[in-house]
There are 2 protein chains.
Amino acid sequence: MGITIKDVAKLANVAPSTVSRVIANNPRISEKTKEKVREAMRELGYHPNFIARSLANQSTQVLGLITPGSTDVFFQNPFFPTVLRGISEAAHEKQYAVQLTTGQTDEEIYEGVVQMVQGGRVDGVVLLYSRVEDRVLQYLRERHFPFVMIGKPYEFVEEITHVDNDNFRAAKDVTEYLLGLGHERIAFIGGNRELVVTVERLLGYEKALSDAGIALKEEYILYEEFLKEGGQEAVCELLALEEPPTALVVIDDLMTLGVLNTLSEVKVKVPTDISVVSFNNVLFAEMASPGITSVDINIFDLGYQAGKSIIQKVENPTEPTKRIIVPYNIVCRESCSKI
Amino acid sequence: MGITIKDVAKLANVAPSTVSRVIANNPRISEKTKEKVREAMRELGYHPNFIARSLANQSTQVLGLITPGSTDVFFQNPFFPTVLRGISEAAHEKQYAVQLTTGQTDEEIYEGVVQMVQGGRVDGVVLLYSRVEDRVLQYLRERHFPFVMIGKPYEFVEEITHVDNDNFRAAKDVTEYLLGLGHERIAFIGGNRELVVTVERLLGYEKALSDAGIALKEEYILYEEFLKEGGQEAVCELLALEEPPTALVVIDDLMTLGVLNTLSEVKVKVPTDISVVSFNNVLFAEMASPGITSVDINIFDLGYQAGKSIIQKVENPTEPTKRIIVPYNIVCRESCSKI
DNA sequence: TTGTACGCGTTATCAA
DNA sequence: TTGATAACGCGTACAA
């Protein structure tokens, strides 16, 4: 079908291997033949066949991205396109292509990863999430397949290259910010408790409270799905309490949107009646009314660093384990006030 | 490195070709040897190598997705993850993998497509947008490379398989809806005018007005970027008019978010002072306050159908050109009222 | 500096 | 029903 190295070789009157070397810009080829070969390539409109190259090289120049099961939820969150853009940019810089897993359920995704990996479709993968006892992670570790993770590993922190924020501190910071405003009844609305990010932020929240000498209340700690519906449910539960909180730490802007919605429905005013801080600072943190005070975790950078790291690892297998902490900063808007 | 067909063959005491046939479930192999081979595969944990298979087959089982240049804008819109999910699901059903282009600028994307296509990385591609005089489209057509498009082709409508809504009618419908509410001064806020979707919806808007005997006003037709900032700018311009509109047709929910924001800043009330209808019905059409009356274009289905179509085309090159029209429906919320 | 020959892991054709 | 053997397009030792 397509133009191959042989066609070029014939036209340029050289051996196929010479053409191959010209493509690789091998210094041991004379400038003269290089030019001759390049001319032939141009004339024929030659483009190297990646598949054949991959087979010969045992390397594909493709990165695999692994989303958590329940892709529908994950994709809905603006977090996803933003990390994707970050990874994509890093990939582009180094001429890597990017492939996605396609399953919906955990099982499908797992199968997809096995196919990607064992099928030799990708040189390395990036895990877009971190959860407790993850089968995919375990598999990748067992096979010693190159990967990096976005988020903090649940186990083997020292052995897994990962890109993360200091979520513990971030959560501690925002909780202290609320404490500083005079709040004492502060609730925490987390996501799925199997996600490490939930755990880390919860720990930060708890630390801030205990440092301040405030007892933790079990009924102030909720875990919901990473959706606006999650936020809605949480609010209902909290408002039903006999001593409802005066401030909320919500783990994700999307959930916060649900929170704000429900609050406005039941005529609870933000921030006068209740203060809210959130995480991720995606687009609608700004667009919501009131604007949401949110921790900007630099999602793009998370992706970009992860992309760079996995490529380094692929190209240099002896690359040491790394932990990259991306800075965060709190963006204050109108969702908090003194008590 | 990995386990190959040869290892399996050796263990099962058959020829490599036999193993290959077992994998393909070739009916001319006896059940007995099939079982023997499968046992060996299990024992060794064999997984077929896609790269080798691709080379032999001249087919990769990979679909390429092509985003428009200015990926940053495109990715911000919830439209993207949703189509992606649709395509992804179709791909998964047929065991296809999905690869993304990675460039930012038009030029980079174009180069990426050429690499994908000529490099033999993908069997077919889906264009996630439709614009006037698109270089990528032209390239794909010239090479007779299998592709489908989401949106209506600018040219050669009969020759390009595409998945689209009837945007003309949808825009006409919503405009007539506003007319029915008594509005006569209706403005249109479009996206980039090179995008076919902008053109189609504009035509629908114009038709509705002219059918109603209302003269078009040039100053009521604006083109902005597909971002909330676009919506903001548009509003400023419109409000500066000596006869500002009483209703707006906005081409995208994200822009509408900007519109609402700006309106609320300048204390113009929706829907009492001005009515707004929008398109796409993404998550925050519902979450905005007031809720946005928006045309649900079934984004997921757009993607799913496109995925199915490109796979059909790849697997059967003689497949006739198709045009798939995905139905839409108007979701009424609180952003419109009688004048 | 360049050419020859083989291997990468499959599939497919042709014999047996 | 199965086994040799030749592709698929490229990279690379080894030879020249």
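Protein chains get the first letters and strands the later ones, always in sequence-line order, with residue 1 at the start of each. The analysis underlying the following values was restricted to heavy atoms, covering all of them including side chains, and did not include hydrogens, waters or symmetry mates. Source: prediction; values computed, not measured.
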- Note on the structure: Side-chain atoms of B/A56 come closest, of C/dG3, C/dG9, C/dT2, to C/dG9

- Item | Residue mapping more 5' on DNA chain D - nearest nucleotide basis, B/S30 or B/N57 | B/S30

- Side-chain N or O of A/T18 closer than 4.0 Å to phosphate OP1/OP2 of C/dG3: yes

- Task: Would you mind classifying the nucleic acid contact of A/Y46 as base, sugar-phosphate or nothing, using non-hydrogen atoms under 4.0 angstrom?
- Result: sugar-phosphate

- Message: Over all strands shown, is A/V19 touching base, sugar-phosphate only, or nothing at heavy-atom distances under 4.0 angstrom?
- Response: nothing

- Note on the structure: Side-chain contact check for B/T4: nearest option of C/dG9, C/dA12, D/dG11 is C/dG9

- Message: Strictly below 4.0 Å, N to O, side chains only: are A/R42 and A/E35 in salt-bridge contact?
- Response: yes

- Query: Please give, in whole Å, the distance from C/dG3 C1' to A/I29 CD1?
  - Reply: 10 Å

- Message: Need to verify one output field. Residue with the more 5' nearest nucleotide on DNA chain D, B/P16 or B/A52?
- Response: B/P16

- Query: Between atom CG in B/L55 and atom P in C/dG7, what is the gap in whole Å?
  - Reply: 16 Å

- Query: Can we say A/K313 and A/D123 salt-bridge, meaning some charged N sits less than 4.0 Å from an Asp/Glu carboxylate O?
  - Reply: no

- Task: With sequence neighbours excluded, give me every salt bridge (Lys or Arg N to Asp or Glu O under 4.0 Å) pair touching residues 81-101 of chain A.
- Result: none

- Could you tell me, to 10°, how much the axis swings from one end of the helix from C/dT1-D/dA16 to C/dA16-D/dT1 to the other, five pairs per end? 40°

- Between atom CG in B/D7 and atom C1' in C/dC8, what is the gap in whole Å? 13 Å

- Query: Between atom OG of A/S54 and atom CG of B/N49, what is the distance when rounded to the nearest 0.5 Å?
  - Reply: 9.5 Å

- Item | Given B/P48, B/S20, B/S17, the one that forms side-chain contact (heavy atoms from CB on, under 4.5 Å) with B/I5 | B/S20

- Query: Think B/Q58 has a side-chain N or O under 4.0 angstrom from the OP1 or OP2 of D/dG9?
  - Reply: yes

- Length of the CD1-C1' vector between B/I5 and C/dG7, whole Å: 16 Å

- Examine D/dG11: is either OP1 or OP2 under 4.0 Å from a nitrogen or oxygen in the side chain of A/R53? Give yes or no. yes

- Query: Where do B/S130 and B/Y154 come nearest, in terms of heavy atoms and distance?
  - Reply: OG-N, 4.0 Å

- Salt-bridge contact B/E39-B/K36 (side-chain N to carboxylate O under 4.0 Å): no

- Rounded off to whole Å, could you give me the CZ-to-P distance for the B/R21 and C/dT10 pair? 15 Å

- Between A/N26 (CG) and D/dC10 (C1'), how many Å, whole number? 15 Å

- Item | Polar side-chain contact B/S17-C/dT11 base: donor and acceptor under 3.5 Å | no

- Message: Whole angstroms only, please: what is the NZ-P distance between B/K10 and C/dG9?
- Response: 12 Å

- B/K6 atom NZ is separated from C/dC8 atom C1', nearest whole Å, by 8 Å

- Message: Categorize B/S54 for me: base, sugar-phosphate, or nothing, with a 4.0 angstrom heavy-atom threshold over every strand shown.
- Response: nothing

- Message: Checking A/E315 against A/Y96 for the side chain to side chain donor-acceptor pair (under 3.5 Å) test, could you report, in this order, the C-alpha distance in whole Å, the side-chain angles of both residues, the deciding distance, and whether it holds?
- Response: CA-CA 11 Å; A/E315 298 191 339; A/Y96 275 71; 3.1 Å; yes

